[in-house]
Amino acid sequence: MKDHLEMSTVQPTPRDTGRVVEFLDRDLSWLEFNYRVLHEALDERTPLLERLSFLSIFTSNLDEFFMKRVGVILRRLTDYEARKHSDSEPFARRAGAIRERLLPMLEQRARCFGDELCPQLADRGIHLLQWDELTDEERQFANRHFRKSVFPVLTPQSVDPSHPFPFMSNLSVSLAIAMKNPNTDKKLFARVKVPKLLTQWIQIPTASGQKQRRFISLRDIIRHNLHELFPGMTILNVMTLRITRDAEIDYEDDEAE
């Protein structure tokens with residue numbers, strides 16, 4: 001017990017006035033909890049598929065954190081809340097501290113998935129492929145799958161003075177497309193939502209008896225078949241968008257800070 005108490009004591013830093021800090025920021029503390037989930041994915045001793053599962057849990061936890069906590073903080077930074085709360089500076093500092101702590105965690109997640117887990121999956125015969133890694137025959141299969149199973153459920157939405165920017169639902173993934181009419185040189189913008197109800201990773205058939213499993217993402221298939229959705233248009237650029245919306249939850253206990 002004595003050792004535990006000694007380890008738990010927060011030592012004053014040179015910027016302190018000599019008193020021990022007794023409180024921890026709730027949001028930063030939660031991020032440290034979620035980092036423990038990420039650490040399980042980073043740990044090479046964790047089985048491979050469990051590492052993927054921990055990455056998924058870490059990400060879904062972040063979605064909930066942004067919807068419920070970050071949304072509250074950002075609302076407190078509006079002009080109305082600045083008038084309502086005479087001192088809004090703590091919220092600005094907290095938002096900056098969250099960003100500073102979170103960015104390295106997101107970089108670790110990306111490196112873990114791209115540099116460690118994907119190569120290990122490939123070593124075990126599971127290949128998550130990019131479009132340029134497909135053979136011509138596999139691309140033909142992907143294009144047939146698009147026309148048969150994906151094209152009928154897509155709803156492209158253009159944005160212009162007569163069509164305002166479309167509503168994007170929470171946690172939805174969309175492709176934002178910049179394109180040009182080659183006949184008039186008029187530039188256009190459109191959005192295509194990636195359907196949630198469809199399988200997000202499409203398995204490509206392999207030769208009979210082959211143990212390799214090859215997958216291409218639904219998003220890549222849609223991206224490389226945009227000419228089917230916008231015939232005659234020249235695609236200039238495509239960007240992926242994912243929206244996390246504020247859950248509009250406020251906490252009464254925050255009023256008594």
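Atom set for the values below is all heavy atoms of this structure, side chains included, hydrogens, waters and symmetry mates excluded.
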_Checking Arg69 against Arg26 for the side chain to side chain contact (heavy atoms under 4.5 Å, CB included) test, could you report, in this order, the C-alpha distance in whole Å, the side-chain angles of both residues, the deciding distance, and whether it holds?_
CA-CA 10 Å; Arg69 288 301 308 166; Arg26 170 173 57 184; 3.0 Å; yes
*asked:* The test is side chain to side chain contact (heavy atoms under 4.5 Å, CB included); show your working for Phe215 and Leu121 and say whether it passes.
replied: CA-CA 12 Å; Phe215 297 86; Leu121 286 171; over 6 Å; no
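- Side chains of Lys196 and Ser169: no donor on one and acceptor on the other come within 3.5 Å.
- To the nearest 0.5 Å, atom NZ of residue Lys180 and atom CG of residue Leu188 are 11.0 Å apart.
- The backbone N or O of Pro47 lies less than 3.5 Å from no partner atom in the side chain of Glu50, so there is not a single donor-acceptor pair.
- Panel note: side chain Arg94, backbone Asp27; no donor-acceptor pair is recorded below 3.5 Å.
- Hydrophobic clustering, with ILVMFWY side chains joined whenever heavy atoms are under 4.5 angstrom apart, groups Leu175 together with Val153.
- In the hydrophobic clustering of ILVMFWY residues, with side-chain heavy atoms under 4.5 Å counting as a link, Leu134 and Ile126 come out apart.
- Shortest non-hydrogen contact noted between Gly114 and Pro119 is O-CD, 3.5 Å.
- In this structure the side chain of Phe65 reaches within 4.5 angstrom of the side chain of Ile98, judged on heavy atoms.
- Arg191 CZ: more than 12 foreign heavy atoms inside a 6.0 Å radius.
- Atom CG of residue Leu48 and atom OG of residue Ser53 lie 11.5 Å apart, to the nearest 0.5 angstrom.
- Going from atom CZ of Arg214 over to atom CD of Glu133 covers 8.0 Å, rounded to the nearest 0.5 Å.
- At least one donor-acceptor pair under 3.5 Å links the side chain of Thr46 to the backbone N or O of Glu40.
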*Yes or no on side chain to side chain contact (heavy atoms under 4.5 Å, CB included) for Met67 and Asp246, after CA distance, side-chain angles and deciding distance?*
CA-CA 4 Å; Met67 287 188 292; Asp246 180 6; 6.0 Å; no
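- Taking both residues in full, the closest heavy atoms of Cys112 and Ala41 are given as SG-O, 3.6 Å, listed atom of the first, atom of the second, then distance.
- Using a cut-off of 4.0 Å between Lys/Arg side-chain N and Asp/Glu carboxylate O, Arg242 and Asp63 are scored as salt-bridged.
- For Asn143 (side chain) and Arg139 (main-chain N/O), a donor-acceptor pair under 3.5 Å exists by modelled atom type.
- A continuous path of ILVMFWY side-chain contacts below 4.5 Å connects Leu28 to Val37, so both sit in one hydrophobic cluster.
- Using a 30° and 60° split on the angle between ring planes, Phe141 and His145 fall in the parallel class, below 30°.
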_What verdict does the side chain to side chain contact (heavy atoms under 4.5 Å, CB included) test give for Gln200 and Val194, after you've listed the backbone C-alpha separation in whole Å, the side-chain angles of each residue and the deciding distance to 0.1 Å?_
CA-CA 9 Å; Gln200 299 299 299; Val194 179; 3.7 Å; yes
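- With respect to Arg101 and Glu32, a salt bridge is recorded, a charged nitrogen being found less than 4.0 Å from a carboxylate O.
- For CZ of Arg213, the number of neighbouring non-hydrogen atoms (other residues, nucleotides, ligands) closer than 6.0 Å is 12 at most.
- Side-chain contact between Ile235 and His227: absent, with no pair of heavy atoms (C-beta onward) separated by less than 4.5 Å.
- Residue Ile222 holds its CD1 atom at 4.0 Å from CG of Leu218, rounded to the nearest 0.5 Å.
- Rounding to the nearest 0.5 angstrom, the gap separating the CG atom in Asn225 from the CG atom in Asp220 is 10.5 Å.
- When side chains are defined from C-beta on, Thr244 does not count as touching Val70, because their heavy atoms never get closer than 4.5 Å.
- The aromatic rings of Phe151 and Phe146 sit perpendicular to each other, their planes meeting at more than 60°, with 30° as the lower class boundary.
- For the pair Arg223/Trp131, no side-chain contact is recorded, criterion being any heavy-atom separation below 4.5 Å from C-beta on.
- Remark: the backbone N or O of Leu103 is not paired with any side-chain donor or acceptor of Gln108 at under 3.5 angstrom.
- Looking at Arg245, its side chain does come within 3.5 Å of a backbone N or O of Met168 through a donor-acceptor pair.
- For the pair Asn61 and Trp30, the tightest heavy-atom approach, listed with the atom from each and the gap, is O-CH2, 3.3 Å.
- The shortest non-hydrogen separation linking Pro231 to Glu228 is CD-O, 3.9 Å.
- One distance of note links OG of Ser174 with CZ of Arg219; it measures 11.0 Å at 0.5 Å rounding.
- Counting heavy atoms from C-beta outward, Leu62 and Leu31 have side chains that approach closer than 4.5 Å.
- Linking ILVMFWY side-chain heavy atoms closer than 4.5 Å, directly or via other members, places Val173 and Leu106 in two distinct hydrophobic clusters.
- Under the 3.5 Å distance criterion, the side-chain polar atoms of Arg124 are matched with a main-chain donor or acceptor of Gln120.
- Counting heavy atoms from C-beta outward, Leu128 and Phe113 have side chains that approach closer than 4.5 Å.
- Put simply, the side chain of Leu42 does not reach to within 4.5 Å of the side chain of Phe58, judged on heavy atoms.
- Without hydrogens or angle criteria, Thr199 side chain to Ile202 main chain gives no donor-acceptor distance under 3.5 Å.
- Heavy-atom minimum distance, Leu129 versus Ile216: O-CD1, 3.2 Å.
- Residues Ile204 and Glu138 share a closest heavy-atom pair of CG2-CG, 3.5 Å.
- No continuous path of hydrophobic side-chain contacts links Val159 to Ile177 [ILVMFWY only; heavy atoms under 4.5 Å].
- Paired with Glu116 under the rule salt bridge (charged side-chain N to carboxylate O under 4.0 Å, His left out), one option of Arg111, Arg109, Arg51 passes, and it is Arg51.
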